[in-house]
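Because the structure is predicted, anything quoted here is derived from the model rather than measured.
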Amino acid sequence: MIRAKRILAALAMAMGAGPLAASADTTAEAGIAAFAQNCFSPFLTAARAADVLPKGYDFYDLRPFRSSNPISEPKGRPATPGTDRRCEVTVPGRQVEAAKAAIAGALTREGITQDTAVPDSFATRPGATFVAARQLNPRRVAVVQVGTTQTTAGPATFLNVERLTPSVPSN
């Protein structure tokens with residue numbers, strides 16, 4: 001029965017029915033899953049994000065992986081200084097531990113496993129309770145944040161990944 005509810009909620013979210021189609025917990029689970037399944041892919045585009053991420057997502061990609069993909073300007077908040085890509089999902093409730101677990105699994109599946117320091121210059125999002133950085137390649141770092149925020153509907157959890165602009169590798 002629980003599995004059936006989750007499948008229905010995921011289908012409802014995919015069809016744009018939003019939170020009215022499922023309980024808050026199931027909607028949160030679907031949003032966390034959508035983030036984990038899509039936000040770490042270098043192939044995610046603005047058009048794809050609109051199709052697979054829950055309502056209210058935030059996405060931009062100023063340097064798409066494929067040069068044939070269009071640049072995606074910031075959809076929500078302005079671009080974070082020093083970044084060229086953001087993918088963020090906000091889900092209802094306090095879901096920090098579930099979000100962290102989903103992110104850990106997604107990073108492993110994508111092969112993004114090399115920890116690195118969060119640069120001092122990176123502006124952590126207000127409300128972040130978990131911040132970590134992973135080396136994508138010798139010139140690229142991604143910073144992941146999870147935290148809580150207050151919305152008009154009550155407390156919510158945000159899952160955020162931002163890709164820093166390329167740096168010059170140290171010798």
- Note on the structure: Separation between OG1 (Thr129) and CD (Glu97), nearest 0.5 Å, reads 7.5 Å

- With sequence neighbours left out, what residues match Asp115 under side chain to side chain donor-acceptor pair (under 3.5 Å)? Arg134

- Would you call Val131 and Val144 a side-chain contact if the rule is heavy atoms closer than 4.5 Å? no

- Message: Check whether Gln135 reaches the backbone of Arg140 with its side chain - one donor and one acceptor, N or O, closer than 3.5 Å.
- Response: yes

- Return the set of residues passing salt bridge (Lys or Arg N to Asp or Glu O under 4.0 Å) with Arg85 (not counting sequence neighbours), or none when no residue passes. Asp61

- Message: Taking Thr165's backbone N and O only, do any of them form a donor-acceptor pair with Arg63's side chain (distance below 3.5 Å, no angle check)?
- Response: no

- Item | Side-chain touch Pro119/Leu164, heavy atoms, less than 4.5 angstrom | yes

- Note on the structure: For Ala106 and Ala36 the tightest heavy-atom approach is CB-O, 3.3 Å

- Check against side chain to side chain contact (heavy atoms under 4.5 Å, CB included), Glu162 and Gln145: CA-CA 9 Å; Glu162 293 181 274; Gln145 302 178 75; 3.6 Å; yes

- Under the side chain to side chain donor-acceptor pair (under 3.5 Å) test, residues paired with Thr83 that sit two or more places apart: Tyr60

- Message: Grouping I, L, V, M, F, W and Y whenever their side-chain heavy atoms are under 4.5 Å apart, do Ile112 and Val118 come out in a common cluster?
- Response: no

- Item | Closest approach of Pro54 to Ala34 (non-hydrogen atoms, all atoms of both residues) | CD-CB, 4.0 Å

- Message: Would you say that Arg77 contacts Arg86 through its side chain, given a criterion of any heavy-atom pair below 4.5 Å between the two side chains?
- Response: yes

- Task: Taking the side chain as every heavy atom from C-beta outward, state whether Thr149 and Pro126 have any atom pair closer than 4.5 Å.
- Result: no

- Query: If two hydrophobic side chains count as joined below 4.5 Å and joins carry through other members, does Phe122 share a cluster with Phe130?
  - Reply: no

- Item | Least distance between heavy atoms, Leu62 atom then Pro74 atom | CD2-CD, 4.4 Å

- Nearest heavy-atom pair of Phe59 and Ala49: which atoms, and what distance? CG-CB, 4.1 Å

- Task: Write down the atom of Ala99, the atom of Val146, and the distance for their closest heavy-atom approach.
- Result: CB-CG1, 3.8 Å

- Just how far is it from atom OG1 of Thr108 to atom CD1 of Ile103, taken to the nearest 0.5 Å? 11.5 Å

- Query: Atom SG of Cys87 and atom CG of Leu159: how far apart are they, to the nearest 0.5 Å?
  - Reply: 9.5 Å

- Query: How far apart are the C-alpha atoms of Glu29 and Gln95, what are their side-chain angles, what is the distance that settles it, and do they pass the side chain to side chain contact (heavy atoms under 4.5 Å, CB included) test?
  - Reply: CA-CA 9 Å; Glu29 289 172 4; Gln95 306 289 336; 5.8 Å; no

- Query: Do Val89 and Val52 sit in the same hydrophobic cluster, where Ile, Leu, Val, Met, Phe, Trp and Tyr count as joined when their side-chain heavy atoms come under 4.5 Å apart?
  - Reply: yes

- Distance-minimising heavy-atom pair for Ala156 and Thr90: CB-CG2, 3.5 Å

- Within a strict 4.5 Å, meaning less than it, do heavy atoms of the Phe158 and Arg125 side chains meet? yes

- Query: Quick one: OG1 on Thr45 to CD1 on Ile71, what's the gap to the nearest 0.5 Å?
  - Reply: 13.5 Å

- ring pair (Phe, Tyr, Trp, His ring centres under 6.0 Å): which pairs involve residues 63-93, sequence neighbours left out? Phe43-Phe65

- Query: In terms of hydrophobic clusters joined by side-chain contacts under 4.5 Å, are Val143 and Leu107 together?
  - Reply: no

- Query: Tell me the salt bridge (charged side-chain N to carboxylate O under 4.0 Å, His left out) pairs involving residues 103-113, sequence neighbours left out?
  - Reply: none

- Message: I'd like to know if the side chain of Thr148 and the backbone of Thr157 have a donor-acceptor N/O pair within less than 3.5 Å.
- Response: no

- Message: Going by side chain to side chain contact (heavy atoms under 4.5 Å, CB included), name the residues that satisfy it together with Ala142, two or more places apart in sequence or in a different chain.
- Response: Leu136, Val161

- Message: Walk me through whether Cys39 and Leu53 qualify under side chain to side chain contact (heavy atoms under 4.5 Å, CB included).
- Response: CA-CA 9 Å; Cys39 286; Leu53 297 178; 4.1 Å; yes

- Note on the structure: Output for pair (Glu88 CD, Thr80 OG1), nearest 0.5 Å, gives 8.5 Å

- Message: Ring centroids only, cut at 6.0 angstrom: are Phe40 and Phe35 within range, meaning strictly under it?
- Response: yes

